[in-house]
2 protein chains.
Amino acid sequence: MAEYPPFAVTVDLVVLTVRADQLCVLLVRRGIEPYRGAWALPGGFVGIDEDLPAAATRELAEETGLAEPAGHLEQLGTYGHPRRDPRGRVVTVAWLALLPDQANPVAGTDAASADWLPLSQLSPGQLAFDHDRVLADGVERARAKLEYTPLAAAFCPPEFTVAQLRGVYETVWGTRLDPRNFHRKVTGTPGFVAPVGRATEGDRGRPAQLFRRGPAPLLHPPMLRPDQTGQTGS
Amino acid sequence: MAEYPPFAVTVDLVVLTVRADQLCVLLVRRGIEPYRGAWALPGGFVGIDEDLPAAATRELAEETGLAEPAGHLEQLGTYGHPRRDPRGRVVTVAWLALLPDQANPVAGTDAASADWLPLSQLSPGQLAFDHDRVLADGVERARAKLEYTPLAAAFCPPEFTVAQLRGVYETVWGTRLDPRNFHRKVTGTPGFVAPVGRATEGDRGRPAQLFRRGPAPLLHPPMLRPDQTGQTGS
DNA sequence: AGCCATTATCGTCATGGCGACGACAAAGGG
DNA sequence: CCCTTTGTCGTCGCCATGACGATAATGGCT
């Protein structure tokens, strides 16, 4: 194999969460060159005997301090432009993680500091390497997957209300959804959510029923995103 | 960079086409170890200065003799189990290609012979490396994408009839679709297909209108797959 | 030529999901 | 005790869809 071009292989993570009605991404501030001082997606090199999902899970645990008990992790795509890293030929396998807002301490295991940044505060060209595009692809994937999978629940704690779930959709899609129709849709789609039997207490307004993720892997029919065709004036 | 584990990076192609009412995949017979004599997905090593999409396009051109004029090519996923290749640590970026049945000569640029094989004739464990799984993922992706994209047209020549398009769906999904409802759906979804203005001649039955691919990147609403819960007699 | 098989295309009708919205239930705060 | 807030259930009309029937336009056959 020595006759073939040697590559370095890394994993990078697009870790998304919803907190305070904002879609946020986990970013680290780079402590070394290149792009020293810039924000970047968390990630690292894959060990020579390490499987790719294992590397992604390991990095996620290192950066967030949790072993993905809840949430969701899937492969997003691979990016390998010859000059994406000035140090040499690095191919990175990007992963998308959706996590509930667990107020992670995000203790930087590495020297770099990490933090949740709202997507609305990020401007293009702000991230190191090609991470702007990776992040954009991840967000796009997340938005699309909310339509036809029950993955919105990955942003919620194990038990959640219909309103919390609706809040996830509204935040990720940037739209408003009718509470009554949303309630009908969620509770009416088989396998989307499963009732716990208990209700919230202590909040404002009428207590809400608690639910868990249902067993359905896909939403049939899908959750429809409202008409996004701008045109404010009807 | 020499301090980081060296990987070999390859691209592998899942090239699908529809011919004779069969979903077929382009496979090559391996001429060297490992897996000598076994069928495998076409692919090869990525050049040290070569971009990943460029490598995929190059391999596709080498194996099929065409520069992807029609059809569709997208990244499928990356597979990198530490022992997927006995020769060493090889990470492969798999790509999915959908092509019209152009009766490609499939002149083996490499010494290996290549051919179209119907999926129905393949049994699990028949392909080299982890290509069984890569192929399964590719087919699954293709089936899913027919639902919400106009990509079925990628299996057709530049100009095609509604019936040809329906045949693609029926073959890839393994179902039957009502010709009248399908016609209404296809011609009624904006941007799915664009009428050419001419019609076929010389075939059996009434001449059919010719269409081209429309500009829509997504199908709204999606093409629904018939209830697959049918317990067939088998 | 005439009939028929074949394929393409248009219509009709009932059903079901969804958007818009009204109504009621169940809590807390003044 | 009323009012506000939030959750849940119902109703109505529209539209896309599945299940057909009907008609149009060809080729093949006798």
Side-chain angles (χ1 to χ4, degrees), chain A residues 21 146-148 156 159-170 173 175-211 216 218-229 231 234, chain B residues 21 146-148 150 156 159-170 173 175-211 216 218-230:
Chain A
D21 292 331
L146 289 206
E147 290 191 56
Y148 58 95
C156 297
E159 298 186 349
F160 52 87
T161 68
V162 176
Q164 282 176 41
L165 195 64
R166 178 167 46 87
V168 167
Y169 276 95
E170 293 182 336
W173 282 351
T175 63
R176 296 259 114 195
L177 298 174
D178 183 276
R180 299 155 290 190
N181 293 334
F182 184 83
H183 188 276
R184 177 181 60 189
K185 172 73 177 175
V186 167
T187 58
T189 302
F192 193 174
V193 294
V196 170
R198 285 178 295 107
T200 58
E201 26 184 299
D203 290 345
R204 243 192 304 270
R206 173 175 168 177
Q209 288 299 115
L210 286 170
F211 294 86
L218 253 29
L219 254 34
H220 271 319
M223 179 82 61
L224 292 183
R225 206 180 325 198
D227 227 346
Q228 211 70 355
T229 56
Q231 275 74 338
S234 66
Chain B
D21 292 330
L146 289 205
E147 291 193 55
Y148 57 96
C156 298
E159 298 187 350
F160 52 88
T161 68
V162 176
Q164 283 177 42
L165 195 64
R166 178 166 46 87
V168 168
Y169 275 94
E170 293 182 335
W173 283 351
T175 65
R176 298 257 113 196
L177 298 173
D178 184 275
R180 297 154 293 191
N181 293 335
F182 184 84
H183 188 276
R184 177 181 60 190
K185 173 72 177 177
V186 167
T187 57
T189 302
F192 194 173
V193 295
V196 170
R198 284 178 296 107
T200 58
E201 27 185 297
D203 289 345
R204 241 193 302 272
R206 173 174 168 179
Q209 288 297 115
L210 287 169
F211 294 86
L218 252 28
L219 253 35
H220 272 321
M223 178 82 60
L224 293 183
R225 208 183 320 201
D227 228 345
Q228 212 68 357
T229 57

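Naming convention: chains lettered A, B, ... in sequence-line order (proteins, then strands); numbering from 1 in each chain.
Considering CG of B:Leu224 and CG of B:Leu219, their distance stands at 10.0 Å, rounded to 0.5 Å. Distance check: A:Asp178 CG to A:Lys185 NZ gives 14.0 Å after rounding to the nearest 0.5 Å.
DNA chain C is contacted by both A:Gly205 and A:Thr189; A:Thr189 maps to the nucleotide lying nearer its 5′ end (nearest heavy atom per residue). Each of B:Glu201 and B:Pro221 was assigned the nucleotide of DNA chain D with the nearest heavy atom; the assignment lying further toward the 5' end belongs to B:Pro221. Residue whose closest nucleotide on DNA chain D sits further toward the 5' end, between B:Pro222 and B:Asp203: B:Pro222.
Contact record, A:Arg176 with A:Pro226: O-CG, 4.1 Å, taken as the closest heavy-atom pair. Of all heavy-atom pairs spanning B:Tyr169 and B:Leu146, the tightest one is OH-O, 3.0 Å. In terms of heavy-atom proximity, B:Leu177 sits nearest to B:Phe182 at CD1-CD1, 3.9 Å.
Atom CG in A:Leu177 sits about 16 Å away from atom C1' in C:dG17, given to the nearest Å. Rounded to an integer number of Å, the gap from CD of A:Glu147 to P of C:dC18 is 12 Å. A:Asp178 places its CG atom 13 Å from the C1' atom of D:dT11, with the value rounded to the nearest Å. Atom-to-atom, CZ of A:Phe182 to P of D:dG7 comes out at 12 Å; the value is rounded to the nearest Å. Note: CZ (A:Arg176) to C1' (C:dG19) measures 17 Å, nearest angstrom. With rounding to whole Å, A:Arg198 atom CZ is found 17 Å from D:dG7 atom P. In this structure, the CG atom of A:Leu224 is 11 Å from the P atom of D:dT17, given to the nearest Å.
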Kindly give the atom pairs (protein nitrogen or oxygen, nucleotide nitrogen or oxygen) under 3.5 Å for nucleotides 9-11 of chain C.
unit_1 : atom_1 : unit_2   : atom_2 : d
C:dT9  : OP1    : B:Gln209 : N      : 2.9
C:dT9  : OP2    : B:His183 : NE2    : 3.3
C:dT9  : O5'    : B:His183 : NE2    : 3.4

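The shortest side-chain heavy-atom distance between A:Met223 and A:Val186 falls under the 4.5 Å cut-off. Between A:Gln164 and A:Phe211 there is no side-chain heavy-atom pair separated by less than 4.5 Å.
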For residues 191-205 of chain A, please give each side-chain donor-acceptor pair under 3.5 Å, one per line with the distance, not counting sequence neighbours.
unit_1   : atom_1 : unit_2   : atom_2 : d
A:Arg198 : NH2    : A:Glu159 : OE1    : 2.6
A:Arg198 : NH2    : A:Glu159 : OE2    : 2.9
A:Thr200 : OG1    : A:Ala208 : N      : 2.9

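The bend of the helix from C:dA1-D:dT30 to C:dG30-D:dC1, defined by the angle between the axes of its first five and last five pairs, stands at 10° to the nearest 10°.
OP1 and OP2 of D:dA16 both lie 4.0 Å or more from every side-chain N or O belonging to B:Lys185.
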